[in-house]
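Have a look at the structure below before the remarks.
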Amino acid sequence: MDRKQSRTREAEFLSKSGDAAAVYRFRAGEIDGRPEPLERVRLSGGSPIESGFDLITTGPIMEGVDVLAILDEYRANGFVESGDIVAFKQAGALSCWSVDLLAYNRLRGLLENCLKTAELSMEQNHNQIDGIINNVHPRFDELATEDEALFLVGGIAYLHIKTSKDERDYSRDDCYTTYDFTLFDRGTMQQLDCGRMEVAADIRDDPWQIHRLAVQNILECRTVLGGSSLEPVRVDILETLRDAAASKVPKPSLRDALRLCQQEAGSRAHGAVSPDKRQHGAER
C-alpha cells in the first residue's frame, strides 16, 4: 500500500464514529523519501506513516473493552507482531501503542494533530471540536442542572461536581464558584477522590460552560487526568455509583496497618496478650 492509500484509510479511521482500532506496520523494501524518526513524529502529533509505516487494517471494536486485553488478543491471534503500532479510538479518546516482544508501550501524542485535522475537515458542528466527529452538543437540561453535572473522563472515570452552599460573592466581572467533587473509577465504581475547589468563572457564561471549566480545573489540579476527553453523562446514574461505592469495604490504610503493628509490638514488649490470643486461651 502506498502512502496516499494509507493516508486515505487513516482519515477514514479518524473520522469514523464509534470505537475502532487501526494497525500500522513498517514498510519493507523501498520507501519513498526519508522517513522521520518516530519519536519526532510523536512529539509533533503526526502519523506513523511519516516514519515509514503503512496502515494495513482498520476495524470496529467492542465498546468499553480494555486496550491491553485487545492487544493480548491481537497478539495471540497473530493479528499484530513485534514492531507494529496499534491506534484505538474509544469514547472519543485516542491512544496509540507500540507492540514489542514482551510488552506494549503507550505512544502519547501520536496522531493527535491528525485527529484534529480530520475533525476540522468533517465537523459540521463547529463548536464541538472535541475528538468526536459530528456529535451533537448535548442539551444542558437533559444531562445536568444549574448546580451539578456528571462527566465521563477519558473513558475510565466519572467525575461528579455540585456547587457548594458557601459560594463567594461576585467580584468585578468574575465570580468564584465553589464545587464539591467526587471521582469514581468506571470499572470498579470505587470512589477514588473527593474534595472541594473554587473556580473563577465569567458571570456571562452559562452554567454548562462553568461546569466544564470546573471539571477541567479539578482534573488538572487534583488528578493525573488533566487533558483527558470529557463526555457529559446523565446525573441520574450517580445513585448507582454511590450505592456501588458504599458497598465496597474500604481496606485499612498503610498508616493504620503500621499503627496496629506498633501497638502489638508494644504489647508484646510489656508482656501483654493480644485480644485474639486471650480469646483463644479462654476457649481452651
Side-chain angles (χ1 to χ4, degrees), residues 1 3 5-7 9-28 31 35-119 130-132 152-158 183-190 192 219 223-231:
M1 181 182 299
R3 183 175 294 189
Q5 289 176 312
S6 290
R7 287 288 193 186
R9 178 172 282 187
E10 181 180 77
E12 292 173 351
F13 161 70
L14 293 173
S15 61
K16 185 179 297 184
S17 61
D19 293 0
V23 179
Y24 294 81
R25 184 163 295 165
F26 193 77
R27 287 184 298 213
I31 299 177
E36 288 286 323
L38 184 61
E39 180 62 13
R40 185 184 300 172
V41 172
R42 181 186 70 82
L43 293 175
S44 66
S47 165
I49 296 172
E50 300 170 37
S51 295
F53 286 80
D54 272 334
L55 201 170
I56 61 172
T57 187
T58 65
I61 57 176
M62 291 181 61
E63 183 178 349
V65 179
D66 181 69
V67 164
L68 297 181
I70 300 176
L71 289 170
D72 285 340
E73 181 181 348
Y74 283 178
R75 189 198 289 272
N77 295 335
F79 195 62
V80 297
E81 56 189 43
S82 181
D84 287 352
I85 294 174
V86 185
F88 295 97
K89 278 185 63 182
Q90 294 179 293
L94 179 69
S95 66
C96 296
W97 302 77
S98 65
V99 180
D100 295 334
L101 286 174
L102 300 176
Y104 313 112
N105 296 309
R106 178 81 178 268
L107 301 174
R108 298 185 183 277
L110 195 66
L111 277 176
E112 285 188 356
N113 283 340
C114 299
L115 177 62
K116 292 177 182 178
T117 300
E119 188 173 5
D130 54 8
I132 307 174
L152 178 62
V153 182
I156 61 173
Y158 289 105
L183 185 69
F184 300 90
D185 179 77
R186 183 185 185 185
T188 64
M189 295 189 180
Q190 185 84 31
L192 301 176
L219 293 174
T223 77
V224 295
L225 298 173
S228 299
S229 62
L230 298 177
E231 178 185 350

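Everything numeric here is computed off the predicted structure, so don't read it as measured data. Positions are given from 1 along the sequence.
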List the atom of [X], the atom of [Y], and the distance in Å for their closest heavy-atom pair.
X      : Y      : answer
Ser51  : Val41  : OG-CG2, 3.3 Å
Gly64  : Asp19  : N-OD2, 3.8 Å
Arg186 : Gly155 : NH1-O, 3.0 Å
Gly83  : Phe53  : O-CE2, 3.4 Å

* side chain to side chain donor-acceptor pair (under 3.5 Å): pairs with one or both residues in residues 37-46, sequence neighbours excluded -> Glu36-Arg40, Glu39-Arg42

* Is there side-chain contact between Val99 and Val86, with at least one heavy-atom pair below 4.5 Å? -> yes

* Taking C-beta and beyond as the side chain, do Val153 and Thr223 meet within less than 4.5 Å on heavy atoms? -> no

* Taking Lys89 for its side chain and Lys16 for its backbone only, find out whether a donor-acceptor pair lies under 3.5 Å. => yes

* **Main-chain N/O of Val65 paired to Gln90 side chain as donor or acceptor, under 3.5 Å** => yes

Which residues satisfy the side chain to side chain contact (heavy atoms under 4.5 Å, CB included) test with [X], sequence neighbours excluded?
X      : result
Ser95  : Val67, Phe88, Trp97, Arg106
Glu10  : Arg7, Leu14, Tyr24, Ser47, Pro48, Ile49, Leu55, Leu111, Cys114
Asn105 : Ser98, Asp100
Glu81  : Arg25, Asp84

* Asked: Got a sec, which residues hit side chain to side chain donor-acceptor pair (under 3.5 Å) with Asp66, two or more places apart in sequence or on another chain?
  -> none

